[in-house]
Amino acid sequence: MLRHLYEIQQLDGRQLSGLMALARAIEARPGYFQGRLAGRRIAMLFYEPSTRTRFSFEAAAQALGATCISTENARQFSSASKGETLADTTLVASGLVDAIVLRYDHAGGAEEAARYVTVPVINAGDGTGQHPTQALLDLYTILKHVDQLEGKEIVLVGDLGNGRTVHSLAYLLAKHYPNNRLVLLSPNVREVKMPPHILDYLDSKGVAWRVGRVWNREVVRSADVVYMTRVQQERFKDKPTLHAKVVEQASRLNLIPGLVGRMKPSTIIMHPLPRLAEIPPEI
Ligand code: CP
């Protein structure tokens with residue numbers, strides 16, 4: 001039994017299949033689960049902006065009968081603005097709630113908070129670290145559309161250095177679905193390439209992977225899952241020149257109708273959102 005979820009590779013096979021089965025059951029019969037969290041209170045503690053993660057957690061909590069207390073910009077609107085540490089903030093919150101959903105602005109925040117709190121902590125994205133619940137949703141989506149997640153080609157595209165969703169998805173696929181091929185398409189700039197610790201993990205699980213800078217014919221034709229991500233502009237605040245270089249190179253990876261038209265009809269295209277120009281509206 002997991003108490004906290006701060007990185008996706010914590011989950012073993014039984015826990016993962018249990019979560020997928022539970023999600024399928026909730027989707028099939030949402031009414032059956034109403035009120036399961038009645039009387040519970042959950043803190044949504046967000047240090048970075050969010051649209052869908054926060055809304056999703058709050059909507060889910062409410063659907064299950066829980067109430068929420070929240071801070072949507074904790075750096076500005078919580079006592080973090082006065083210098084309070086993450087440890088103190090989360091320890092105080094844990095005295096008031098039954099669980100904490102934490103989006104933090106640095107990698108490792110949720111794992112750090114888990115050391116102090118007295119209630120479960122769920123990582124809702126920690127800087128350039130991980131986004132494990134997004135990966136669960138992404139896997140759930142893939143399994144809905146791909147018959148056998150084996151021998152498939154999964155193409156991760158964009159800012160693979162800063163994008164926490166691709167980090168969690170790569171770890172998740174490598175641990176539980178290692179018999180697929182990963183293609184990692186990103187600009188040829190160190191900061192936006194898949195980090196070495198993830199490549200090491202892929203190797204340790206025997207996952208076949210290769211990197212690329214552009215869409216070539218082979219990748220277009222063999223892709224089963226295309227997972228697009230945006231350049232994380234907020235990670236380049238003090239580096240406008242580097243940002244411009246990355247954006248220019250990344251724009252060559254954007255999908256266009258002619259490219260998508262050459263993919264297999266069964267290929268699925270995903271994006272964790274928010275979307276910039278990676279997938280134009282006509283696609
Ligand atoms: N996918 C995702 O994390 O989106 P938000 O940043 O809007 O929560």
Side-chain angles (χ1 to χ4, degrees), residues 4-9 11 19 23 27 42-63 68-78 80 99-111 113 121-145 154-173 186 192 194-195 198 225-237 243 250 253-255 268-279 281 283:
H4 309 285
L5 179 61
Y6 43 84
E7 57 185 19
I8 196 67
Q9 61 271 38
L11 292 175
L19 283 171
E27 190 175 44
I42 302 175
M44 305 292 166
L45 183 55
F46 277 55
Y47 287 73
E48 282 195 337
S50 169
T51 298
R52 68 227 89 234
T53 306
R54 183 156 168 257
F55 282 174
S56 302
F57 269 107
E58 289 198 16
Q62 288 171 17
C68 301
I69 56 174
S70 67
T71 301
E72 66 176 307
N73 182 352
R75 279 277 165 235
Q76 194 178 345
F77 297 133
S78 80
I100 297 172
V101 175
L102 175 67
R103 170 163 287 189
Y104 200 55
D105 47 8
H106 291 94
E111 186 174 8
V121 173
I122 298 173
N123 181 4
D126 58 339
T128 58
Q130 284 214 22
H131 196 339
T133 61
Q134 175 75 49
L136 291 172
L137 174 62
D138 292 336
L139 178 65
Y140 186 72
T141 303
I142 293 170
L143 293 176
K144 261 189 176 180
H145 294 277
I154 299 163
V155 189
L156 306 181
V157 188
D159 184 349
L160 307 183
N162 297 301
R164 54 197 171 206
T165 68
V166 283
H167 299 167
S168 289
L169 186 57
Y171 271 119
L172 182 61
L173 292 170
S186 66
V192 295
M194 190 62 96
I198 298 182
V225 176
V226 173
Y227 190 95
M228 302 296 294
T229 65
R230 71 185 167 97
V231 174
Q232 306 257 312
Q233 59 198 32
E234 64 272 36
R235 313 295 175 205
F236 292 90
K237 276 192 184 123
H243 180 240
L253 294 167
N254 291 351
L255 296 182
I268 63 168
I269 298 171
M270 301 171 64
H271 196 308
L273 305 176
R275 164 182 67 156
L276 300 179
E278 306 81 48
I279 307 179
I283 291 174

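Order of listing sets the numbers, starting from 1, for every ligand and every atom in it.
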Would you sort out whether Arg230 and His271 count as a side chain to side chain donor-acceptor pair (under 3.5 Å), showing the intermediate values? CA-CA 9 Å; Arg230 71 185 167 97; His271 196 308; over 6 Å; no

Checking Ser70 against Arg54 for the side chain to side chain donor-acceptor pair (under 3.5 Å) test, could you report, in this order, the C-alpha distance in whole Å, the side-chain angles of both residues, the deciding distance, and whether it holds? CA-CA 9 Å; Ser70 67; Arg54 183 156 168 257; 3.2 Å; yes

Test side-chain contact (heavy atoms from CB on, under 4.5 Å) applied to Asn162 and Phe236, step by step: CA-CA 10 Å; Asn162 297 301; Phe236 292 90; 3.7 Å; yes

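Counting heavy atoms from C-beta outward, Arg164 and Gln232 have side chains that stay 4.5 Å or more apart.
Between Tyr47 and Tyr104, the ring planes lie perpendicular to each other; the angle is over 60°, past the 30° to 60° tilted range.
Atom CG of Leu173 is separated from atom OH of Tyr227 by 10.0 Å, given to the nearest 0.5 angstrom.
Near ligand 1, heavy-atom contacts under 4.0 Å come from Ser50, Thr51, Arg52, Thr53, Arg103, His131, Gln134, Pro272, Leu273.
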